[in-house]
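Have a look at the structure below, then the notes.
These figures come from a predicted structure and were not determined experimentally. When a ligand or atom number is given, it counts from 1 through the structure's own listing order.
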Amino acid sequence: MTAKKLNKAQPAHEYKFFDVVRGYLDHAAKTVDLSDHVGKILSQPKNEIIVNFPVLMDDGSHKLFKGYRIQHNNMLGPYKGGIRFHESVSLDDLKALASMMTWKSALMEIPFGGAKGGVKINPHNHSKPELMRLTRRFTHALGANIGPEYDIPAPDMGTNSKTMVWMMDTYMNTVGHVEKNAQRRIVTGKSIVSGGSHGRTKATSQGVIHCLVEWAKENRFELEGKTAIIQGFGNVGSHAAILLNKLGVSTIATGDHTGYLHNPEGFFPHKLAEHVRTNGSIAGYPHGEKISREEFFGIEADIFIPAALENQVGVEEAKALKVKVIAEGANGPLNPEGENVLLDRNIAIIPDVLANSGGVTVSYYEWCQNKRSERWELERVDEKLHKAMIDAYHRVMYFARERNVNPRIAAYSLALQNLSSAYEERGIFP
Ligand code: NAD
């Protein structure tokens with residue numbers, strides 16, 4: 001099996017991510033005996049918004065871009081979810097990702113629904129001024145389809161606090177002077193100076209690590225001295241490596257859209273993160289040996305944290321992995337066939353809907369702070385997140401044991417129980 005073949009085994013455009021998520025939904029629906037009508041409602045997003053908008057390029061030309069916002073469900077609160085800038089963005093993927101936001105908010109008992117949006121671009125091919133104009137025009141094109149009590153975007157792949165601040169500023173400047181400051185919570189994941197929350201940047205990774213620590217305690221697995229491999233070294237991947245380092249776990253291999261690196265001694269994560277901030281990728285980092293994607297998946301380590309795209313682990317990768325536990329920082333990194341191989345091999349999986357829900361949880365804290373014009377200290381945010389993650393982790397694992405389902409189905413099931421109670425109580429209008 002060559003690296004090329006591994007890459008070729010799962011071209012993104014042939015992968016029906018939304019069908020995969022609906023497969024998990026069906027399994028969970030049976031597990032909790034979900035009413036037919038609630039299952040039907042949740043099987044599709046409420047709104048699928050597509051906008052085409054022009055952007056002035058640096059060379060003076062104008063280009064038309066297509067942007068999406070998928071609003072899956074708002075039964076428990078405003079639509080909530082990230083904005084992705086990536087060349088693989090598609091309606092199908094965003095429908096899957098939007099629905100996963102609904103499950104995450106419901107599982108974490110946060111008063112939000114689920115949404116996701118994006119633009120099909122490679123952000124690395126655009127200058128900062130182009131990205132700013134694109135973000136602003138996209139926000140303007142979405143117009144009243146988003147709002148601080150209606151639909152609240154956040155960062156995802158290819159976007160960051162800068163993108164969120166541009167979105168916020170554009171939105172704030174469209175609503176008039178008196179109401180301007182009340183609009184700050186139109187997005188979360190902002191920089192601190194523009195109204196972001198302490199602890200938001202690392203929140204997703206922090207949540208992953210809290211789950212990993214709980215898993216290690218449950219399984220009498222000493223984390224100190226162990227090794228990890230991490231796919232993706234952006235926001236989630238880099239902070240995961242930094243937090244693991246604090247626990248004495250060294251990251252010995254990583255990779256991104258430019259390739260993969262191996263360092264058996266362990267990377268110094270702050271330095272690698274700094275290199276990525278300066279250069280846009282891990283390419284050219286001197287302290288590691290270049291390896292293929294195939295070699296990356298075959299490296300012997302204790303922990304694997306996927307923190308890039310969906311559908312990265314199919315059957316071949318699942319057979320190759322030599323780790324004891326996978327904590328899903330990315331959304332949907334394992335395809336169902338790959339997951340079955342891993343389950344057969346008794347490799348523990350801490351599923352995305354649980355593991356990476358620290359992001360939306362601290363986004364909720366940011367939104368609350370903005371709403372009350374407050375600023376919480378990092379310790380307060382960290383403490384609340386810790387409590388929320390531990391609670392969710394144990395609820396999921398307890399359910400999985402009680403009902404004899406895997407943790408992914410347990411996480412979906414708990415989310416469905418919450419949503420279902422709300423639907424049963426409120427009924428369907430009219
Ligand atoms: P990011 O843009 O900061 O980083 C993404 C990383 O993935 C980069 O290192 C990029 O080079 C790499 N990558 C892109 N294409 C790749 C490819 N084909 N092969 C290998 N690597 C590739 O994004 P992020 O915010 O860190 O998000 C990563 C994952 O975590 C996504 O699945 C996202 O949905 C999920 N997630 C993010 C958050 C958040 O708060 N940012 C919250 C929950 C889940």
Side-chain angles (χ1 to χ4, degrees), residues 3 6-8 10-12 15 17 80-89 93-94 96-98 100-101 103-105 108 114 116-118 121-124 131 153-164 187-190 196-197 199-208 211 229-242 253-261 272-273 275-277 279-283 285 292-293 296-297 305-313 317 327-334 351-364 366 385:
L6 270 180
N7 281 321
K8 232 177 121 190
Q10 36 192 301
Y15 185 60
F17 191 14
K80 182 83 187 87
I83 298 284
R84 180 174 283 198
F85 287 175
H86 195 272
E87 52 202 350
S88 74
V89 160
D93 286 356
L94 293 175
L97 292 162
M100 289 172 76
M101 289 306 298
W103 322 139
K104 279 183 225 183
S105 299
M108 297 308 288
K116 207 82 174 189
I121 53 157
N122 180 347
H124 302 285
L131 286 174
D156 190 72
M157 272 190 72
T159 59
N160 52 32
S161 60
K162 220 173 274 154
T163 327
M164 291 307 111
V187 286
T188 58
K190 303 179 288 286
S197 175
R200 174 60 185 90
T201 313
K202 64 160 181 148
T204 303
S205 320
Q206 186 69 75
V208 172
C211 289
I229 58 172
I230 300 182
Q231 189 197 31
F233 212 79
N235 177 295
V236 179
S238 65
H239 283 98
I242 290 167
T254 188
D256 68 5
H257 64 286
T258 61
Y260 291 82
L261 285 177
L272 183 52
H275 176 92
V276 171
R277 259 193 303 280
N279 300 284
S281 73
I282 63 169
Y285 189 66
S292 66
R293 184 178 186 276
F296 170 82
F297 279 103
I305 300 189
L309 288 168
E310 55 278 356
N311 186 27
Q312 290 301 300
V313 179
E317 290 84 357
E328 296 183 340
N331 287 308
L334 318 179
D352 43 18
V353 166
L354 165 67
N356 70 41
S357 61
V360 68
T361 304
V362 177
S363 272
Y364 170 58
E366 177 175 333
L385 176 65

Contact atoms of ligand 1, heavy-atom distance to H86 under 4.0 Å: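 That gives atoms 14 (C), 15 (N) of ligand 1.
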Element-labelled atoms of ligand 1 that are located less than 4.0 Å from some non-hydrogen atom of G232: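 Under 4.0 Å from G232, ligand 1 has these atoms: 6 (C), 7 (O), 9 (O).
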Shortest heavy-atom approach to [atom] - which of [options]:
atom	options	result
atom 16 (C) of ligand 1	H257, K104, M157	H257
atom 40 (O) of ligand 1	T204, D156, V360	T204
atom 3 (O) of ligand 1	N235, T188, I230, V208	N235
atom 19 (N) of ligand 1	T254, N356, D256	D256

Salt bridge K116-E310, side-chain N to carboxylate O under 4.0 Å: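 Looking at E310 together with K116, the answer is no, because their closest N to O distance does not fall below 4.0 Å.
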N or O contact, [X] vs ligand 1, cut-off under 3.5 Å:
X	answer
A308	yes
F233	yes
V236	yes

Just to confirm my output: which protein heavy-atom neighbour is closest to [atom], and how far is it?
atom	answer
atom 35 (C) of ligand 1	G329 O, 3.6 Å
atom 4 (O) of ligand 1	G234 CA, 3.3 Å
atom 2 (O) of ligand 1	G158 N, 2.8 Å

Is a side-chain donor or acceptor of [X] paired with a backbone partner of [Y] at a separation under 3.5 angstrom?
X	Y	result
T254	I230	yes
E328	A355	no
N279	H275	yes
D256	I282	yes
H124	G158	no

Under 4.0 Å, counting heavy atoms only: does [X] come that close to any atom of ligand 1?
X	answer
Y260	yes
R84	yes
R200	yes

N356 side chain to N331 side chain, donor-acceptor N/O pair below 3.5 angstrom: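 Checked: N356/N331 side chains pair up, N/O donor to acceptor below 3.5 Å.
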Donor-acceptor pair between T159 and D156 side chains, under 3.5 angstrom: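 No pair is found: no donor N or O on one side chain lies under 3.5 Å from an acceptor on the other.
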Interatomic spacing from NZ in K104 to OG1 in T361 - rounded to 0.5 Å: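 So the NZ of K104 and the OG1 of T361 are separated by 9.5 Å.
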Nearest-0.5 Å distance that lies between atom CD in E87 and atom CD1 in I121: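 That separation rounds to 9.5 Å.
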Closest contact, heavy atoms only, P155 versus T188: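 Answer, listing the atom of P155 first, then T188: CD-O, 3.4 Å.
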Side chain, backbone, both or neither: the part of L309 lying under 4.0 Å from ligand 1 by heavy atom: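 For L309, the contact with ligand 1 is made by the side chain alone.
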Ligand 1 versus A307: contacting region, heavy-atom distance under 4.0 Å: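 A307 to ligand 1: backbone contact only, side chain stays beyond 4.0 Å.
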